[in-house]
Amino acid sequence: PLLDTSGSSLAQVIDERRVQELPLFAGNPMELTLIAAGVVNATDMRLRKAGFNNAPSQIASDGNGQFNNDFTIDGIPNNFPVGNGQSRVAFSPPVYSVKEVKIQTSSYDAAVGRTIGALTNVNTASGGSGLHGEAHWWERNSFLDAANFFNNKNKTKRTPYGDHRFGASAGGPVWLPKLYKGRDKTFWYFAW
């Protein structure tokens with residue numbers, strides 16, 4: 001439904017298609033919190049890589065300070081404390097294992113009222129009746145970047161940079177020959 005009449009929370013839901021097709025500077029799905037209404041970036045955009053969770057944690061929502069947010073994966077807490085009641089993202093799942101990202105920015109129900117900031121819940125893939133998979137290579141190289149205005153003006157070379165990531169994911173039904181056929185019952189999913 002377009003309107004949820006059973007709850008009063010204000011939320012933005014980002015579906016699987018947008019998770020995979022929207023450009024993510026660092027390949028980190030936690031960056032999608034920045035497209036929700038009322039959420040602003042509270043850092044200088046450095047250290048934006050998939051393995052670094054400091055930058056995606058530095059968001060502020062609806063006037064609340066940074067590090068006052070709550071992060072969950074499939075409803076399970078995904079925070080590590082940094083002191084003074086503040087927390088950061090503990091783990092960012094690979095992009096192709098994310099099915100949906102939901103960012104709630106205000107008026108939570110009692111089940112998620114542990115923070116004054118935003119709540120970001122990531123739902124992950126769980127396999128299916130058929131065997132499906134993918135492999136990918138993510139490449140960012142300074143050789144492919146254009147020189148900026150100041151490089152051209154001062155006749156200096158581009159700063160060397162390289163970010164090369166590859167991965168794969170697969171999922172399907174559990175099947176053990178002559179023991180168990182889990183089609184439509186039990187599934188597995190693996191992402192790397």
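When a residue number appears, it is its place in the shown sequence, counting from 1.
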Would you confirm whether [X], through its side chain, and [Y], through its main-chain N or O, come within 3.5 Å as a donor-acceptor pair?
| X | Y | value |
| --- | --- | --- |
| Asn151 | Lys157 | yes |
| Asp74 | Thr124 | yes |
| Asn154 | Thr156 | no |
| Ser57 | Val89 | yes |

Where do [X] and [Y] come nearest, in terms of heavy atoms and distance?
| X | Y | value |
| --- | --- | --- |
| Ser92 | Met30 | OG-CG, 3.2 Å |
| Ala191 | Pro94 | CB-CG, 4.1 Å |
| Ser129 | Arg183 | O-NH1, 3.2 Å |
| Ala37 | Thr105 | O-CG2, 3.6 Å |

Is any side-chain heavy atom of [X] closer than 4.5 Å to a side-chain heavy atom of [Y]?
| X | Y | result |
| --- | --- | --- |
| Asp70 | Asn79 | yes |
| His164 | Trp138 | no |
| Pro173 | Asp184 | no |
| Phe143 | Asp145 | no |

From [X] atom [atom1] to [Y] atom [atom2], the distance as rounded to the nearest 0.5 Å:
| X | Y | atom1 | atom2 | value |
| --- | --- | --- | --- | --- |
| Ile73 | Asn121 | CD1 | CG | 9.0 Å |
| Lys102 | Asp15 | NZ | CG | 13.5 Å |
| Lys99 | Arg17 | NZ | CZ | 14.0 Å |
| Gln66 | Asn41 | CD | CG | 9.0 Å |

Name all residues meeting the side-chain hydrogen bond (donor to acceptor under 3.5 Å, both in side chains) criterion together with [X]; count only those two or more places apart in sequence or in a different chain, and write none if there are none.
| X | value |
| --- | --- |
| Asn152 | none |
| Lys181 | none |
| Ser126 | none |
| Asn68 | none |

In terms of hydrophobic clusters joined by side-chain contacts under 4.5 Å, are [X] and [Y] together?
| X | Y | value |
| --- | --- | --- |
| Val98 | Ile14 | yes |
| Phe67 | Phe80 | no |
| Leu34 | Val40 | no |
| Leu22 | Ile59 | yes |
| Trp137 | Leu144 | no |

### Task
Could you list all the ring pair (Phe, Tyr, Trp, His ring centres under 6.0 Å) pairs where at least one residue sits in residues 168-192, not counting sequence neighbours?
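Every ring pair (Phe, Tyr, Trp, His ring centres under 6.0 Å) pair that includes a residue of residues 168-192, provided the two are not neighbours, is Phe166-Trp192.
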
### Query
Which one of Asn123, Val95, Val122 satisfies the side-chain contact (heavy atoms from CB on, under 4.5 Å) criterion with Val19?
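Passing option: Val95.
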
#### Entry: Sole residue of Thr120, Leu119, Val13 in side-chain contact (heavy atoms from CB on, under 4.5 Å) with Gln104
Leu119

### Task
Could you tell me which residues satisfy salt bridge (charged side-chain N to carboxylate O under 4.0 Å, His left out) with Glu100, sequence neighbours excluded, listed by chain and number?
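Residues passing salt bridge (charged side-chain N to carboxylate O under 4.0 Å, His left out) with Glu100: none at all.
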
### Message
Can a side-chain donor-acceptor contact be found between Asn78 and Thr72 if the only test is distance below 3.5 angstrom?
### Response
no

### Task
Go through the steps for Leu24 and Leu32 under the test side-chain contact (heavy atoms from CB on, under 4.5 Å), then give the verdict.
CA-CA 8 Å; Leu24 295 172; Leu32 293 170; 3.6 Å; yes

